[in-house]
Undergrad: 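I'd like to ask some things about the structure below.
In what follows, every chain begins at residue 1, and chains take the letters A, B, ... in the order their sequences are listed.
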Amino acid sequence: MNSILPKGVSKERFAAATGAMRKVVGDPWVILDENPLIAGYMDTYSAAPESSTAASAAVCPGSVEEVQEIVRIARQYRIPIWSISTGKNFAYGGPAPRTAGQVVLDLRRMNRVIEVNTDLGYAIVEPGVAYVDFYNYMKRHKLPYWIDCAANGMGGVMGNTLDHGVGYTAYGDHLLMQCGMEVVLSDGSLMRTGMGALPNGAASWPVYKYGYGPYIDGLFTQSNFGVVTKIGLWLMPEPPAFRPFMVQLQNEDDLYEVTEKLRPLKINMIIPNAAITVHLLWEASVYTTKHEWKTGSGPLPQRTLRQIAEKFNLGMWNFYAALYGLPEVVEANWQIVESTFRSIKGAKIYREADRKDDPSFNYRVRLMRGEPNLTEFSLMNWVGGGGHINFSPISPASGADAMKQFHMIRKACEKYGFDYIGEFVIGWREQHHILMLMFNRYDADESRRAHDCFAQLINDAAAEGYGEYRTNLHFMDQIAGTYNANDGALLRMQRRIKHALDPAGILSPGKNGIWPLGESPETNS
Amino acid sequence: MVHRRELLKTGAGLLLAAPIRIPLRLLTGVTGATTEAPDVIAETGIAAASELINAAQANARHARAIDLDSTIMIRRLSEAWAANPRPLFGMTRSDIAILVEALARDRGMAVVYRGWHDHRANGDIHHVLYGNPDVIAAMQREFTSARGAFGRVLGRHVAELASVGPRPASINFTVETSGRPPRQARFVTWAVAPMGTAAA
Ligand SMILES: Cc1cc2nc3c(=O)[nH]c(=O)nc-3n(C[C@H](O)[C@H](O)[C@H](O)COP(=O)(O)OP(=O)(O)OC[C@H]3O[C@@H](n4cnc5c(N)ncnc54)[C@H](O)[C@@H]3O)c2cc1C
């Protein structure tokens with residue numbers, strides 16, 4: 001008998017629902033909580049107890065038809081189901097559902113690259129396509145396109161895109177490059193967005209995003225209005241020339257100038273990729289761990305940061321970007337880029353050949369050419385113990401905002417006894433500031449401090465007009481609560497849409513603070 | 001300090017793809033459940049790695065020290081387990097543990113054991129163990145009598161630790177030792193085991 005049940009669902013109803021689901025997907029693909037495999041759906045790395053998000057079961061359909069059937073059963077029996085694609089949402093909750101008892105709808109078995117169109121440069125993929133599989137597919141078929149992947153090479157194309165994830169080539173804004181979606185709605189019906197709504201519109205589906213009428217793809221991202229079963233995405237043609245580079249900055253205050261200098265280069269598309277300005281310790285974790293510099297808790301002092309920078313030939317900030325295109329164009333743009341960054345006092349500029357044996361430079365280069373890898377996970381070794389949650393506020397790409405956020409976040413980290421380990425990912429006009437809050441999850445006090453630090457940061461950021469682009473399961477409501485202009489008009493509208501599209505409230509309840517009507521974090525705790 | 005190299009220094013990664021050289025042995029675990037001899041890996045640079053590897057030789061299919069890049073390691077495991085998921089016991093830093101656990105789910109394997117071994121400044125070692133309740137209770141007894149040499153204890157029991165048992169439980173306890181804490185990266189121990197179903 002299952003020891004965990006969805007909130008308000010009786011043992012009998014749960015057994016009847018999971019029994020019906022078994023008939024659809026087959027016995028092995030309904031994993032109940034007595035099966036040791038259920039532990040694979042835990043969020044083991046957050047600052048809150050695993051039990052608070054422990055799934056009651058996981059169901060793994062193998063086709064769109066099976067997804068439709070499972071959704072119908074969930075609706076019939078009022079069982080909450082939490083959709084994941086590859087389920088590697090590290091730092092944001094992994095494969096776990098928002099609350100204990102929800103059933104994970106694990107779509108990893110649906111892992112086909114359905115089409116790659118080499119004339120038009122797009123692909124259509126199913127949910128379970130991991131970056132590494134997609135990359136291998138492109139290589140195997142010798143296709144003249146690059147993929148764009150997250151630094152978590154284990155993640156997947158769809159889950160990352162739906163959670164508004166980023167990569168590092170010129171196609172790094174994944175949702176921007178998404179075109180066409182297929183969605184199972186809460187009544188089990190199947191819908192295609194955009195041109196895909198034409199009975200014979202398949203050819204234009206992955207090339208024109210907007211179709212006719214309201215543009216709705218975005219509604220199915222960071223939300224719980226449907227289960228996405230296919231997406232189209234645009235692919236970057238393999239460029240004839242690729243020039244990655246690093247600008248090493250000697251002082252923490254140089255963050256201001258590098259951001260100011262970068263902005264016009266981004267807006268004018270001289271630097272086309274998602275460029276990053278990375279703090280020392282993020283890079284240093286590829287080479288060393290905190291324990292080698294300090295025993296006991298508390299952040300490392302500035303003096304030690306300087307020693308680390310010197311030992312590993314790193315800057316206090318390290319900026320990475322790349323140029324892509326025809327060799328002549330790359331060369332011309334390089335002249336602009338080089339002279340721009342050279343004007344920062346003390347800046348050192350490195351090209352690929354200058355840092356051949358540097359593992360942190362190497363993995364950045366690989367990411368900037370869409371090659372999945374896992375090197376960034378060395379961050380998990382900084383304190384050891386594996387706890388990590390990402391705090392990710394957005395701001396305009398300005399030096400003043402970057403400095404303000406850096407000081408604000410570092411101050412909070414130090415107050416709670418943590419190192420600042422952060423980076424800025426700079427898009428066209430905005431920047432995602434990512435704090436990787438690392439803690440030892442085996443230490444209850446440290447986990448509690450990490451949780452409190454994160455909660456404070458949300459409020460500090462909101463007070464300054466900054467909001468987060470995405471978050472961990474445990475902070476979804478708090479962050480949704482900060483987007484509260486006009487008396488919470490946005491969230492109220494999202495809840496109305498939720499009720500209209502999913503009146504039974506079965507799809508991913510609580511995702512990003514969107515609860516079904518009559519439900520709230522409190523009724524689900 | 002451990003540098004993970006692009007190239008395998010010890011050839012340990014081959015362990016994952018290598019043909020079986022030692023005949024597969026069937027062992028009987030503490031709980032009486034029949035278990036398959038696991039592969040065992042330990043990262044070079046961890047002080048307890050060699051005693052683990054030495055003690056595990058008799059109980060493992062292969063037991064090797066490794067120094068390799070996480071991307072390469074996960075790719076090899078992924079390929080090996082796609083065809084033949086096998087129990088694996090590890091003593092590594094946290095990144096490898098997290099990645100192996102994530103891969104395990106994709107390959108229909110369960111996380112059956114986790115251990116955290118924190119060397120305190122006074123020489124004590126604080127252990128947090130998760131796994132088969134009988135096995136981890138036995139570990140607690142043996143760790144306490146072995147004092148600092150818990151790697152050897154783990155090595156002797158890798159087969160039980162890396163097998164599927166009853167619903168896992170957690171315990172934590174501190175063992176007094178007179179040793180000085182090693183100045184090294186913190187590390188974890190873990191085990192994953194195939195369930196025979198639910199692989200993608
Ligand atoms: C070291 C490290 C590096 C990282 N690097 C990056 C990075 O560079 N860029 C980045 O963006 N993130 C990064 N992350 C965060 C995260 O690990 C990745 O974004 C990862 O790709 C997300 O997991 P996934 O792709 O498996 O998505 P999933 O876990 O499958 O999905 C993510 C969420 O999207 C929703 N969802 C998924 N599928 C569906 C569906 N079919 N229908 C409806 N909703 C769905 C669910 O709410 C789910 O929880 C990093 C994390 C770590 C620890």
Undergrad: Give, as side chain, backbone, both or neither, the part of Ala104(B) having an atom under 4.5 angstrom from any heavy atom of chain A.
TA: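 Ala104(B) has no heavy atom closer than 4.5 Å to chain A.
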Undergrad: Side chain, backbone, both or neither: which part of Asp106(A) has a heavy atom under 4.5 Å from chain B?
TA: side chain
Undergrad: Restricting to non-hydrogen atoms, name the atom on Leu374(A) and the atom on Ser70(B) that form the minimum distance, rounded to 0.1 Å.
TA: O-OG, 3.5 Å
Undergrad: Kindly give the heavy-atom pair with the smallest separation between Thr71(B) and Arg366(A), and that separation in Å.
TA: CG2-NH2, 4.1 Å
Undergrad: Please determine, among Pro95(A), Gly153(A), Gly128(A), the option with the most heavy-atom pairs under 4.5 Å with chain B.
TA: Pro95(A)
Undergrad: Answer yes or no: is there a donor N or O on one side and an acceptor on the other, between the side chain of Ser94(B) and the main chain of Gly385(A), under 3.5 Å?
TA: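 Side chain of Ser94(B) to backbone of Gly385(A): a pair is present.
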Undergrad: Could you look at Thr86(A) and say if it's the side chain, the backbone, both or neither that has a heavy atom under 4.5 Å from chain B?
TA: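 Backbone only.
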Undergrad: Consider side-chain contact (heavy atoms from CB on, under 4.5 Å). Of Arg167(B), Met109(B), Met195(B), which one does Pro36(A) pass it with?
TA: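 By the side-chain contact (heavy atoms from CB on, under 4.5 Å) criterion, Pro36(A) pairs with just one of Arg167(B), Met109(B), Met195(B): Met195(B).
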Undergrad: Do you know which of Met380(A), Lys290(A), His291(A), Met110(A) has the most heavy-atom pairs with chain B at a distance under 4.5 angstrom?
TA: His291(A)
Undergrad: So which of His126(B), His119(B), Arg114(B), Arg120(B) has the largest heavy-atom pair count under 4.5 angstrom toward chain A?
TA: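 Option with the top pair count is Arg114(B).
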Undergrad: Okay, side chain of Arg108(A), backbone of Arg105(B): is any donor-acceptor separation there less than 3.5 Å?
TA: yes
Undergrad: A quick test of your reading: do over 12 heavy atoms of other residues, nucleotides or ligands sit less than 6.0 Å from CG of Asp357(A)?
TA: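 Open.
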Undergrad: Applying ring-ring contact (aromatic ring centres under 6.0 Å, His included), can you list everything that pairs with Tyr442(A), at least two apart in sequence or on another chain?
TA: Trp116(B)
Undergrad: Report which part of Glu34(A) has an atom under 4.5 Å of a heavy atom belonging to chain B: side chain, backbone, both, or neither.
TA: both
Undergrad: Against chain B, label Tyr363(A) side chain, backbone, both or neither, depending on which of its atoms sit under 4.5 Å from a heavy atom there.
TA: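 No part of Tyr363(A) comes within 4.5 Å of chain B.
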Undergrad: Against chain B, label Asn440(A) side chain, backbone, both or neither, depending on which of its atoms sit under 4.5 Å from a heavy atom there.
TA: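 For Asn440(A), side-chain heavy atoms alone lie under 4.5 Å from chain B.
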Undergrad: If you take all heavy atoms of Ala102(B) and Lys88(A), which pair is closest and at what distance?
TA: O-CE, 3.7 Å
Undergrad: Which heavy atom of Phe377(A) sits nearest to which heavy atom of Asp95(B), and what is that distance?
TA: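 Phe377(A) and Asp95(B) have their closest heavy atoms at O-CB, 3.1 Å.
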